[in-house]
Each structure stands twice: as C-alpha cells, then as structure tokens.
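Some notes on the structure that comes next.
Note that these values count all heavy atoms, side chains included, but never hydrogens, waters or copies made by symmetry. Note that ligands are numbered from 1 as they come in the structure, with each ligand's atoms numbered from 1 the same way.
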Amino acid sequence: MRIILLGPPGSGKGTQAQRLVQRYGIVQLSTGEMLRAAVAAGTPVGLKAKEIMASGGLVPDEVVVGIISDRIDQPDAKNGFILDGFPRTVPQAEALDDLLRHKRLKLDAVVELRVNESALLSRVETRVAQMRERGEEVRVDDTPEVLTKRLASYRSQTEPLIHYYSERRKLSTIDGMMAIDEVTGAIHRQLLALGAVEPRTHARSAAKAATKTTKKPAKAAKKAAKPAKTAKKTGKKAVKGAQKAAKKTGKKVGKKGAKKTARKAVKKGTKKAAKKVTKKRAKR
Ligand code: AMP
C-alpha cells in the first residue's frame, strides 16, 4: 500500500503515520525527518537545508525528490510506504507521479487531515512541551514565528495539492480534529473503501503479513521456478516414455520423433496424457 498524508504542521500526520506503520507493516517516509537527520549528520544535503528549515522555508524540490526516489528503492519500502511531508508543492507531486511511473508503482490514496487552524498553534505547543518532558531536543522550527511561516507556505504551496489529487480521484479528506483513535479509524475505513487494504486487517495480522512477505520473495521465487522445472522433467520423462512405448510395439521411433510426440503431450498437461499419445503413435 502506498499513500500520502497531507496536512498542515500540527495536523497529526506524524502520529497517524506511526499508527499506520504499526497496523499495515509499511514504512513512514518523512522528508522532514530525513532532512533533520541530514542536518545533524552534516551531509551536503543537510548543509543546504539547515538554514532554510530553521526559517520555515521549503528546501528545493530537486533535493527532496532525490531523497524520496532513493528511499523508495530501499528494500524495506517494498511492502509499501506512507509519504509524510512529501509532496509539498505541485512540481513535487508531478515529479512523484513520474518517478512512481518509472518504478512501476501505483499510489493508492492521498489522505488529507483537515484541521481547524486555530488549534494548530496549541497542538505544536503541546508537542514541544512533551518533547521537553521526554528530554528530547526540540525542533528549531517549532516556534510561534516559524510556525506562522510554515503555515503560510502550506496554504500557498501545499494546499493546491488538494485540488491536484482530487482531480485525479485519489483524495480522501478526514476530520483531523477528532480524537487520535477516531482519526486512525476513519483513515482505516477510507482505505478499506478504496480497496487499498484487505478487510479485517488489524495490527497482529498486519505484523504477521509483514514478516511473511519479507520471507515470501524467496518462497515465491522457488514456487514460480517450479512449473518450469516440472515441465522440463515431464518433458524428459515423456521422451523416454515415447521411446519405450515404441520399442514395445516394435516400431522404430527416433529420438527426434519421440521428442516431438512428447512435446505435444507435455503441452496437453499430464504425464498420463503424454503416455497415451505416444502409445497411439507407436501403434500406428
Ligand atoms: P516537517 O517535519 O514535515 O514539518 O518538515 C520540516 C521542514 O523540512 C519543513 O519546514 C521544510 O523546511 C523541510 N521539508 C520537509 N519536507 C519538505 C518537502 N517535501 N519540500 C521542501 N521542504 C521540506
């Protein structure tokens, strides 16, 4: 399952993304998190992004598109992902469409968390207080001034995506003012209605499914290889069978003839059919 979570800062995207990760065994791809990690590590991307992020601006499209494209190729994203904080502009959404097309991946849904703007500031204040309580480093862009700028950039640059995805029939809007559990439930129901998740998916079965699918590729590959192997085996056996049958009836059948007969028989499906056909031929 591949989905996008859309919503202004403080709308609960991060919280809901973590719940979806638990429930469906997919990964959360947050450009904000990745950029903060790059800043902390002092990478070239981090150096480019540091000032822009601190002031509440947007990092250039090509930087975030590159990060996301690489991240989607990682093995843990094969089972599906939630994009949190990306795309943030229409050009980013167009770039995402292109890269998904190239990777032959389909976007299942775009979930918009709609919130009352007046609640956002107090939500971010609560987040800051909780982070301080846990002894975590507080984000430099979680101040009232920077938040105001981030909100303005959401309105002017990101909100047009609502129209973009609604035109493409991908958009589901959820009331983000409900309690956290209710929002999670509403998202789940939307995903069900869109056919993006299997009915009765819950945390345990999703976790099981996730471990199964990580094991699956090898199994599936073996299984997929089986029919070819079997066909090869059956083919060889059928050639031998055809020659044997010919011997019995005293008629000379060369390897070529037997192979031809056998091939036809294998096409028909079973070993039994192979014997029948070759016997008939041999009799004639
Ligand atoms: P977030 O954690 O999503 O609130 O992002 C924090 C900051 O990272 C934003 O204010 C931007 O400066 C930067 N950022 C994150 N995602 C993007 C994006 N898709 N495009 C441009 N800048 C981004």
Surrounding CZ of R155 (heavy atoms of other residues, nucleotides or ligands, distance under 6.0 Å), is the total greater than 12?
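Yes, because the 6.0 Å sphere around CZ of R155 holds more than 12 heavy atoms from other groups.
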Give a yes or no on this: more than 12 heavy atoms of other residues, nucleotides or ligands lie within 6.0 Å of atom CD of E136.
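Buried by this count: over 12 neighbours within 6.0 Å.
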Closest by any non-hydrogen atom to atom 5 (O) of ligand 1: pick that one out of K50, K13, R88, M53.
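That would be R88.
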Should the proximity of [X] to ligand 1, defined as any heavy atom under 4.0 Å, be assigned to the side chain, the backbone, both, or neither?
X: V64; value: side chain
X: L58; value: both
X: T89; value: neither

For [atom], find the nearest protein heavy atom and state the residue, atom name and distance (0.1 Å precision).
atom: atom 22 (N) of ligand 1; value: V59 N, 3.1 Å
atom: atom 12 (O) of ligand 1; value: G57 O, 2.6 Å
atom: atom 14 (N) of ligand 1; value: L35 CD1, 3.5 Å

All pairs passing side chain to side chain donor-acceptor pair (under 3.5 Å) where residues 90-101 contributes a residue, at least two apart:
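Only D61-Q92, D97-Y164, D98-R101 qualify under side chain to side chain donor-acceptor pair (under 3.5 Å).
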Report, in ascending order of atom number, the atoms of ligand 1 lying under 4.0 Å from any heavy atom of Q92.
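So the atoms of ligand 1 that pass are 18 (C), 19 (N), 20 (N), 21 (C).
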Provide the number and element of each atom of ligand 1 under 4.0 Å from a heavy atom of R36.
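Those atoms are 2 (O), 6 (C).
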Give a yes or no on whether a salt bridge exists between D73 and K103, defined as a side-chain N under 4.0 angstrom from a carboxylate O.
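Looking at K103 together with D73, the answer is yes, because their closest N to O distance falls below 4.0 Å.
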Pairing of R127 and D142 as salt bridge, 4.0 angstrom limit:
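Salt bridge present between R127 and D142.
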Mark the output for R139 as yes if a heavy-atom distance to ligand 1 is under 4.0 Å, and as no if none is.
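It does; at least one heavy atom falls under 4.0 Å.
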Hey, does P9 sit under 4.0 Å from ligand 1 if you only count heavy atoms?
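In this structure, P9 fails to qualify as a contact of ligand 1 - no heavy atom is under 4.0 Å.
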Side-chain donor-acceptor contact under 3.5 Å, R19 with T184:
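A donor-acceptor contact under 3.5 Å links the two side chains.
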Are a donor atom and an acceptor atom from the side chains of E112 and T173 found within less than 3.5 Å of each other?
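Yes.
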Determine all donor-acceptor pairs shorter than 3.5 Å in which one atom belongs to a side chain in residues 37-50; sequence neighbours excluded.
residue: T43; atom: OG1; partner: A38; partner atom: O; Å: 3.4
residue: T43; atom: OG1; partner: G46; partner atom: N; Å: 3.1

Please check whether G85 reaches ligand 1 - meaning an N/O of the residue sits under 3.5 Å from an N/O of the ligand, judged on distance alone.
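So ligand 1 has an N or O lying under 3.5 Å from an N or O of G85.
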